[in-house]
Amino acid sequence: MGSAALEILGLVLCVVGWVGLILACGLPMWQVTAFLDHNIVTAQTTWKGLWMSCVVQSTGHMQCKVYESVLALSAEVQAARALTVGAVLLALVALFVTLTGAQCTTCVAPGPVKARVALTGGALFALCGLLALVPLCWFANIVVREFYDPAVPVSQKYELGAALYIGWAATALLMCGGGLVCCGAWVCTGRPEFSFPVKYSAPRRPTANGEYDKKNYV
């Protein structure tokens, strides 16, 4: 029963991390305008993401524009798109694999094969977290490097956006959840008695005179 609880907890964490990764991929707040001047009143704030850039006016009005040309984008944006979308799709595959091998489902008969399927699903979730961590750290490195570069004008300096922090939290949940699923499947492989208990009742045996034995009702 303990391994089943680990698998369920890990699966919940993985699903939450998967939703957070989708949210981080779609949000335009990967880079946010840095306020380095001494002017308290700012006219507008610029957001940049993987799919669009937005300008937020001081009045609260926001205008977004989707990137029209893919080839005109920088190499880090193109790579981040590919890696993030690939991680999201791989997490979807990992979800189906984990549900197939989880102890709370009956898609596969209980046994070592079922545990190995769940172990594969947990490993795929952990791989998704590592795959999504690459573009997040790459973007953060570029933002920090350009922020402290004196050659970059103050108006072109950016700070880390909220989407990066959401993505980091999502990758942490994916890796932790995948690890818990792997631990639950590993325990179930080595100690089958930790899985969901299955109770079997012995068939009733008639006696010589054709009546059922009283021991069947004890």
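Keep in mind that what you see is a predicted model, and the values were worked out from it rather than measured.
Shortest non-hydrogen contact noted between Leu71 and Gln78 is O-NE2, 3.7 Å. For the residue pair Leu180 and Gly10, the shortest heavy atom distance occurs at CB-CA, 3.8 Å. Shortest non-hydrogen contact noted between Gly177 and Cys14 is C-SG, 3.3 Å.
A donor-acceptor contact shorter than 3.5 Å is absent between the side chain of Lys48 and the backbone of Thr33. Under a 3.5 Å cut-off, the side chain of Lys157 and the backbone N or O of Phe147 do form a donor-acceptor pair.
Note on Ile22 and Leu11: same hydrophobic cluster, where clusters join Ile, Leu, Val, Met, Phe, Trp and Tyr whose side-chain heavy atoms are under 4.5 Å apart, directly or indirectly. Both Val56 and Leu27 sit in one connected hydrophobic cluster of ILVMFWY residues. Membership requires side-chain heavy atoms under 4.5 Å apart, directly or through other members. Linking ILVMFWY side-chain heavy atoms closer than 4.5 Å, directly or via other members, places Val15 and Leu21 in a single hydrophobic cluster. Note: the hydrophobic cluster containing Val88 also contains Leu92 (ILVMFWY, side chain heavy atoms under 4.5 Å, direct or indirect links). Linking Ile, Leu, Val, Met, Phe, Trp and Tyr whenever their side-chain heavy atoms come within less than 4.5 Å leaves Trp18 and Met175 in two separate clusters.
The hydrophobic cluster containing Met52 also includes Val66, under a criterion of side-chain heavy atoms closer than 4.5 Å among ILVMFWY residues, counted directly or through chains of members. Members clustered with Trp138: Ile142, by chain and number, using a 4.5 Å side-chain heavy-atom cutoff among hydrophobic residues.
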Problem - side chain to side chain contact (heavy atoms under 4.5 Å, CB included) between Asp149 and Val152, worked out - result: CA-CA 6 Å; Asp149 189 359; Val152 178; 3.7 Å; yes
Practice task
Determine, step by step, whether Val181 and Leu6 satisfy the side chain to side chain contact (heavy atoms under 4.5 Å, CB included) criterion, reporting the C-alpha distance in whole Å, the side-chain angles of both residues, the deciding distance to 0.1 Å, and the verdict.
Solution key: CA-CA 6 Å; Val181 172; Leu6 283 178; over 6 Å; no
Scan the side chains in residues 80-87 for donor-acceptor partners under 3.5 Å anywhere in the protein, sequence neighbours excluded, and list what turns up.
| residue | atom | partner | partner atom | Å |
| --- | --- | --- | --- | --- |
| Arg81 | NE | Leu50 | O | 2.7 |
| Arg81 | NH2 | Leu50 | O | 3.0 |
| Thr84 | OG1 | Ala80 | O | 2.6 |

Validation: residues 160-174 side-chain donor-acceptor distances under 3.5 Å, sequence neighbours left out:
| residue | atom | partner | partner atom | Å |
| --- | --- | --- | --- | --- |
| Thr171 | OG1 | Gly167 | O | 3.2 |
| Thr171 | OG1 | Trp168 | O | 2.7 |

Which atom pairs, donor and acceptor, lie under 3.5 Å between side-chain atoms of residues 119-128 and protein residues at least two apart or in another chain?
| residue | atom | partner | partner atom | Å |
| --- | --- | --- | --- | --- |
| Thr120 | OG1 | Arg116 | O | 2.9 |

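Within the 4.5 Å cutoff, no side-chain heavy atoms of Trp47 are placed close to those of Gln31. Using a 4.5 Å heavy-atom cutoff, the side chains of Thr45 and Val32 are in contact. For the pair Val143/Trp30, no side-chain contact is recorded, criterion being any heavy-atom separation below 4.5 Å from C-beta on.
Remark: Ser53 OG to Met29 CE distance equals 13.5 Å, nearest 0.5 Å.
Sequence neighbours left out, not one pair with a member in residues 51-98 passes ring pair (Phe, Tyr, Trp, His ring centres under 6.0 Å).
Residue Leu95 forms a side-chain contact (heavy atoms from CB on, under 4.5 Å) with just one option from Val93, Val97, Leu99, and that option is Leu99.
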